[in-house]
Amino acid sequence: MQTQKMLTQRTNPSHLLYLRPTKSYPFTTATATPTPTPPPPQQPLEAAALATLILTSSNPQALAQTLHSPTIQWTPQLVNTILKRLWNDGPKALQFFNLLSHHPSYSHHPSSFDHAIDISARLRDSPSLRSLIYRMRSARLGPTPKTFAIIAERYASAGKPHRAVKVFLSMHQFGCFQDLQSFNTILDVLCKSKRVEMAYNLFKVFKGKFRADCVSYNVMVNGWCLIKRTNKALEMLKEMVKRGLTPNLTSYNTMLKGYFRAGQINEAWDFFLEMKKRDCEIDVITYTTVIHGFGVAGEIKRARKVFDTMVKKGVLPSVATYNAFIQVLCKKDSVDNAIVIFEEMVVKGYVPNSITYNLVIRGLCHRGDMERAMEFMGRMKDDGCEPNVQTYNLVIRYFCDEGEIDKALDLFQKMTSGDCLPNLDTYNILISAMFVRKKSDDLLVAGNLLIEMVDRGFVPRKFTFNRVLNGLLLTGNQGFAKEILRLQSRCGRLTRKIKL
DNA sequence: TTAGGGTTAG
């Protein structure tokens, strides 16, 4: 941060101001007056204020003192809300968790430990992860099966599925026995990270021992569908029947979705008809799957027909159904027609969620109608649906594409000062945009963004480092380039050390 | 967080 400030002051083009840390937050909220149980509606405000305080504080001792103040009524919900708000600043989130661990009267809930473990695993901070597990165990709060699921998922998404399996197999060493449920979880973790063959091998080895049930088979059906191997998925369905298990609606909906995903539209339709013929209780998920599937395939008329007929059959669309339809209208029809459906759902009393808004906003951006997109973003706020990191990322991306870099940076500034922290995507989008105008100052911003993202626990790709380095060298910023080079070697050491 | 339906563009 210090370096960043220095660089900002040295060069001082106006848009570098975006990267200045905000001044310390005036902490004068309702929490100053002690109340035995704060009313629930005030909690979000309190969480937001505390998160800002944690983010802007540079003095851990003073922060600890504030966090330990008896005026704050700590609850697991409050702690978890703050951890979620600080999600995209992992180091700060862990600092908060650790400072609060020394509170004189409050002790962390297992769910908060799980959040902290998830964050340290994502940061690939193994000492921190080990310490958290050790502390959780000493306090006899876990690790729970959920803790293992979190760690396994982090390994799988970090491209280390073998380690995920090892975590599952080592559960009993931590006093946590493997059962059917945890078996299904590890299968699901592997399948969702597309390691379906590995999941299947594990399934074959242990299906007898854990008495694989309908859920185990459904997980495997979904796995094969995710990698578009619908024949294998169908085989799983047949095998489950052979073993005396009855497929349920989830099994069929999964298979149906698989056909659409694999582009087998005719098979999907036949499967849907077969479901109807067999008196399967077709539900809102079935219809949503068909509407989305047809739409993605460009068959808007058929999607609309299914959308219209579901109500006649006594199945009410859900917000997800509207979202599916709105998405495909934006992509394969027109944004205007999508907005018609959007307004229709509002009239009918549905409450659009952030996904709904993001779909419409994306549609408008894609058409180049940034003004209307921003109007929808305002409407989103007015409706009490705060724009999330995806909303910001998509609008920032389109502003950058249109060459409106300053507008993109304006939005980024709003994120940093507000309550939606930028994520890895945000930094990547903005850093790439800093090369568009071929302005030397933009390269300095890119460098500062790189420093800030590392500060927040993100590891930039080698490509990003090289690009910024080259840019800085070409624009005569040798000193800054050296600094970035040091940062890169620090990150390199960090990535090589990964061993959760 | 034991399973199924809506946010990504290239």
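In the text below, chain A, chain B and the rest are named by the order of the sequence lines, each starting its count at 1.
The CG atom of A/Asp118 sits 10.0 Å away from the CG atom of A/Leu129 when rounded to the nearest 0.5 Å.
Regarding contacts with the backbone of B/dG6, a side-chain N or O of A/Lys257 is found under 4.0 angstrom from either OP1 or OP2. Phosphate contact (OP1/OP2 of B/dG6, side-chain N/O of A/His292, threshold under 4.0 Å): present.
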For a quick test of your reading: what N or O donor-acceptor pairs under 3.5 Å do the side chains of residues 194-206 of chain A make, sequence neighbours left out?
from: A/Glu197; atom 1: OE2; to: A/Arg229; atom 2: NH1; distance (Å): 2.9
from: A/Asn201; atom 1: ND2; to: A/Glu197; atom 2: O; distance (Å): 3.4

Got a list of side-chain donor-acceptor pairs under 3.5 Å for residues 295-304 of chain A, not counting sequence neighbours?
none

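Atom CG in A/Asn184 sits about 12 Å away from atom C1' in B/dT1, given to the nearest Å. Summarising the geometry, the separation between CG on A/Leu249 and C1' on B/dA3 is reported as 12 Å, rounded to the nearest angstrom. Spacing between atom CG of A/Asn428 and atom P of B/dT8 amounts to 18 Å, rounded to whole angstrom units. A/Lys84 has its NZ atom 10 Å from the P atom of B/dT1, to the nearest Å. Rounded to whole Å, atom C1' of B/dA9 lies 15 Å from atom CG of A/Asn358. Put simply, CG on A/Asn218 is 11 Å from P on B/dG5, counting in whole angstrom units. Between the CZ atom of A/Arg154 and the P atom of B/dT1 there is a distance of 14 Å, given to the nearest Å. Rounded to an integer number of Å, the gap from A/Arg362 CZ to B/dT8 C1' is 6 Å.
Within 4.0 Å (heavy atoms only), A/Asp283 reaches at least one base atom of the nucleic acid. If you check every strand for non-hydrogen atoms under 4.0 Å, A/Thr321 touches a base. No contact: A/Leu187 has no heavy atom under 4.0 Å from any strand. Using a 4.0 Å heavy-atom cutoff across all strands shown, A/Asp114 reaches no nucleic acid atom at all.
In summary, of the residues considered (A/Ile355, A/Ile341, A/Asn353, A/Leu359), a side chain to side chain contact (heavy atoms under 4.5 Å, CB included) with A/Tyr322 occurs for A/Ile341 alone.
The distance between the ring centers of A/Phe148 and A/Phe168 does not fall below 6.0 angstrom. Close placement of the A/Phe260 and A/Phe294 rings is indicated, their centers lying within 6.0 Å of each other. Ring centroid separation for the pair A/Trp74 and A/Phe96 comes in under the 6.0 Å cut-off.
Side-chain atoms of A/Thr288 come within donor-acceptor range of the base of B/dG5, with a qualifying N/O pair under 3.5 Å. Donor-acceptor pairing under 3.5 Å, judged by distance alone, is present between the side chain of A/Ser318 and the base of B/dG5.
The A/Asn323 side chain lies nearest to B/dG6 when the options are B/dG6, B/dA3, B/dG5. Proximity note for A/Ala320 (side chain, C-beta onward) versus B/dT1, B/dT2, B/dG6: the nearest is B/dG6. Distances from the side chain of A/Lys146 to the nucleotides B/dT1, B/dG6, B/dG5 place B/dT1 closest. Of the candidate nucleotides B/dG5, B/dT1, B/dA3, B/dG5 has the atom nearest to the side chain of A/Val284. With B/dG6, B/dT1, B/dA3 as the choices, the nucleotide that has an atom nearest any side-chain atom of A/Val219 turns out to be B/dA3. Closest to the side chain of A/Asp213, from the set B/dT2, B/dT1, B/dG6, is B/dT2. When the nucleotides B/dG6, B/dA3, B/dT2 are ranked by their closest atom to the side chain of A/Gln181, B/dT2 comes out on top.
Annotation: proximity of residues 369-405 of chain A to DNA chain B (heavy atom, distance under 4.0 Å) is found for A/Gln390, A/Tyr398, numbered in ascending order.
Around atom NZ of A/Lys407, no more than 12 heavy atoms belonging to other residues, nucleotides or ligands sit under 6.0 Å away.
A glycosidic torsion no more than 90° from 0 defines the syn conformation; B/dG5 lies beyond that range and is anti.
Relative to the ring axis of A/Phe113, A/Arg135 does not place its NZ or CZ within 45° and under 6.0 Å from the centre.
Rounded to the nearest Å, the gap between the P atom of B/dT1 and that of B/dG5 is 13 Å.
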